[in-house]
Amino acid sequence: MMIFCVLILVLSFMSVGVVRADALPNLKPALSEVETVSKQLYVIWRDGKYGFIDSTGKEIIKAVYDGAGSEYVHAQSVYVIDRSKGIQVYYDANGNELFECQINQCSYLSEGMAVYEQKIMQSDGTYVKRYGYVNDKGQQVVEPVFHRASHFKEGLARVNMGKAGGYIDKNGAQVIPLRFSSTTDFSEGLAVVQLTVRGKYAYIDKSGKVVIPARFAYAGPFSDGAAVVNVNGKYGYIDRMGKYILTPQFTAAQPFSEGLAFVERNGKSFYIDKQGNKKILNLTAGGRFVDGLAPASTGQKYGFINKTGKFVVKADLEWADSFVGDLAWVYVKLNETPQGTDGYIEGYMNKQGELIWTGVRN
């Protein structure tokens, strides 16, 4: 079976777990002002405990915690879980503590904001979940009034009251009215929405105006100036005006990155440019290009190719993700199987093909 990764449009909201049913979460303010950072942290584990390293493999947050969280497996702000104290402790990429929150009551930080959950007592004595936001100092900046809430992207966050969705800014002001049956995050200034339940997908701008009418069975986020859409079971690409860059003709399609996209047509998969020209052939799997490198496979093993299709990191990995910052997430098959494993380990690889860190999940 051909291995192929297809972008899935996520229309659901993220929510955080319930921990208690009384007042605001116990938010501890930051110890001090922290400098703006641009480096990434990457989650690691050791003997059932979690921490974070930087791109050199240096342990910035020691792997002594019961759990860890971040926007992705790699991020500029993260949290660790201390079950003995019942808290999540948030850190920046330099290892500076930001604030604390009770376990599962706050989500990860995105654009300096985190969703938090509170149980609110109603007039009949029952409790309901409501969601608000705290900043990266642990301060409540948006009251918990929303039925559902997602993370900030490009300065706006998706929120729901009942079944109706819209968008707020970081002050909690309603920027786009609650009038959509489903919403997605903004990407390159546009977001995918449904105007009616089970309706077709449209694109709106940050004023809430529908700029590309609802005519797609699937619509993905904009990336590299283009978006994947589906019409009548086939995938194609549109520009920000809604005009086809490439008409629907593919059985699967990934977003463009650095001018190239991995697609499948007539049982063959390959990279194309925005004119539809085949650029890299004879692949069974491919991923997003970052700094000129993308994970790819010609069979069972993965490596990293450059934009000419040459493998610059040998295809001897079991699996590989695209680079984020300086490192990429990979799976490696070991010659000797460590006790308690199936012979595979996970880790991070740099752009020279060097494993910076590996670990075995317990």
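All residue numbers in this chain count up from 1 along the given sequence. All values below come from the heavy atoms of this structure, side chains included, with hydrogens, waters and symmetry mates left out. What you are looking at is a predicted structure, and each value in this text was computed from that prediction instead of being measured.
A distance of 3.5 Å separates OG in Ser269 from CZ in Phe262, rounded to the nearest 0.5 Å. The distance from atom OH of Tyr302 to atom CG of Asp321, rounded to the nearest 0.5 Å, is 10.5 Å. Separation of atoms CZ (Phe146) and OH (Tyr131) is listed at 13.0 Å; rounding is to 0.5 Å. Taken to the nearest 0.5 Å, the CG atom of Asn104 stands 13.0 Å off from the CD1 atom of Ile87. Considering CG of Asp82 and CD of Gln88, their distance stands at 11.0 Å, rounded to 0.5 Å. Taken to the nearest 0.5 Å, the OG atom of Ser182 stands 11.5 Å off from the CZ atom of Arg198.
A side-chain donor-acceptor contact under 3.5 Å links Trp45 to the backbone of Val360. Side-chain atoms of Ser150 do not come within 3.5 Å of backbone N or O of Arg158 as any donor-acceptor pair. Listed for the Thr251 side chain is a donor-acceptor partner under 3.5 Å among the backbone atoms of Glu264. Listed for the Asp169 side chain is a donor-acceptor partner under 3.5 Å among the backbone atoms of Asn171. Counting only distance, with no hydrogens or angles, the side chain of Gln249 and the backbone of Thr247 share a donor-acceptor pair below 3.5 Å. Distance alone, capped at 3.5 Å, places no donor-acceptor pair between the Ser322 side chain and the Gly287 backbone. Proximity of a side-chain donor or acceptor of Lys170 to a complementary backbone N or O of Glu111 within less than 3.5 Å is detected. A distance-only check finds no donor-acceptor pair linking the side chain of Asn266 to the backbone of Lys268 [under 3.5 Å]. A donor-acceptor pair under 3.5 Å links the side-chain atoms of Asp124 to the main chain of Thr126, judged by distance alone. Of the possible donor and acceptor atoms, none in the side chain of Ser297 sits under 3.5 Å from a partner among the backbone N and O of Ala285.
The side-chain heavy atoms of Leu246 and Lys274, taken from C-beta on, include no pair separated by under 4.5 Å. Val78 is listed as a side-chain neighbour of Ile61, based on a closest heavy-atom distance under 4.5 Å. Inter-residue side-chain proximity for Val228 and Tyr218 is flagged as met; some heavy-atom pair is nearer than 4.5 Å. Using a 4.5 Å heavy-atom cutoff, the side chains of Asp326 and Asn350 are not in contact. Counting heavy atoms from C-beta outward, Ile176 and Thr183 have side chains that stay 4.5 Å or more apart. Inter-residue side-chain proximity for Glu59 and Trp357 is flagged as unmet; no heavy-atom pair is nearer than 4.5 Å. Tyr244 has its side chain within reach of Val231: a pair of non-hydrogen atoms, C-beta onward, lies under 4.5 Å apart. Residues Asp66 and Lys49 are in side-chain contact: their nearest non-hydrogen atoms beyond the backbone lie under 4.5 Å apart.
Figure legend: Lys333 and Tyr344 shown as a cation-pi pair, the cationic atom lying under 6.0 angstrom from the six-membered ring centre and within 45 degrees of its axis.
Relative ring orientation between Phe304 and Phe323 is described as tilted, the plane-to-plane angle lying within the 30° to 60° band. Using cut-offs of 30° and 60° on the angle between ring planes, the pair Tyr331 and Trp319 is perpendicular. Ring geometry for Phe270 versus Phe250: interplanar angle over 60°, hence perpendicular rather than tilted (30 to 60°).
For the side-chain hydrogen bond (donor to acceptor under 3.5 Å, both in side chains) criterion with Arg130, the lone passing option out of Glu143, His147, Gln118 is His147.
Closest approach of Leu178 and Gly166 over heavy atoms only: CD2-N, 3.2 Å. The heavy-atom pair separating Val141 from Asn135 by the smallest distance is CG1-ND2, 3.6 Å. Residues Asp185 and His151 share a closest heavy-atom pair of OD1-O, 4.0 Å. Taking all atoms of both residues into account, the shortest heavy-atom contact from Ile238 to Ile245 is O-CD1, 3.6 Å. Contact between Tyr271 and Ile305 at its shortest, heavy atoms only, is CE1-CD1, 3.9 Å. Across Ser77 and Ser70, no two heavy atoms sit closer than the pair O-CB, 4.1 Å.
Open room surrounds NZ on Lys163; 12 or fewer heavy atoms of other groups in view lie less than 6.0 Å from it. Atom CG of Asn277 has more than 12 neighbouring heavy atoms from other residues, nucleotides or ligands inside a 6.0 Å radius. Within a 6.0 Å radius of CG in Asn232, no more than 12 heavy atoms belonging to other residues, nucleotides or ligands are found.
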Check the pair Tyr201 / Phe216 against ring-ring contact (aromatic ring centres under 6.0 Å, His included), numbers first and verdict last.
-> CA-CA 5 Å; Tyr201 295 99; Phe216 307 110; 8.9 Å; no
Take Tyr65 and Tyr50 through the test ring-ring contact (aromatic ring centres under 6.0 Å, His included) and record every step on the way to the result.
-> CA-CA 5 Å; Tyr65 294 95; Tyr50 294 81; 10.0 Å; no
Would you please test Ile60 and Lys58 for side-chain contact (heavy atoms from CB on, under 4.5 Å) and show each step?
-> CA-CA 6 Å; Ile60 302 299; Lys58 179 182 178 182; 4.1 Å; yes
Take Tyr167 and Val193 through the side-chain contact (heavy atoms from CB on, under 4.5 Å) test and state the conclusion after the steps.
-> CA-CA 11 Å; Tyr167 296 80; Val193 298; 3.9 Å; yes
Between Asp92 and Asp136, does a side-chain contact (heavy atoms from CB on, under 4.5 Å) hold up when you go through it step by step?
-> CA-CA 9 Å; Asp92 70 12; Asp136 58 7; over 6 Å; no
Quick one: do Val115 and Tyr133 satisfy side-chain contact (heavy atoms from CB on, under 4.5 Å)? Show the steps, please.
-> CA-CA 5 Å; Val115 180; Tyr133 293 85; 3.6 Å; yes
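Linking ILVMFWY residues whenever their side-chain heavy atoms come closer than 4.5 Å, directly or via other members, leaves Met161 and Phe180 in distinct clusters. Residue Leu293 is grouped with residue Leu317 when hydrophobic side chains (ILVMFWY) are merged at heavy-atom distances under 4.5 angstrom, including chains of intermediate members. By the criterion of side-chain heavy atoms lying less than 4.5 angstrom apart, applied directly or through intervening Ile, Leu, Val, Met, Phe, Trp or Tyr residues, Ile103 is grouped together with Phe99 in one hydrophobic cluster. Leu190 and Val210 are not part of a single hydrophobic cluster, where members link through side-chain heavy atoms under 4.5 Å apart. Both Met349 and Leu41 belong to a single network of hydrophobic side chains, linked directly or stepwise wherever heavy atoms of I, L, V, M, F, W or Y lie under 4.5 Å apart.
Classification of Lys206 and Glu154 as a salt-bridged pair holds, one side-chain N sitting under 4.0 Å from a carboxylate O.
Aromatic pair Tyr91/Phe52: centroids not less than 6.0 angstrom apart.
Judged purely by distance below 3.5 Å, without hydrogens or angles, the side chains of Arg288 and Gln254 never pair a donor atom with an acceptor atom.
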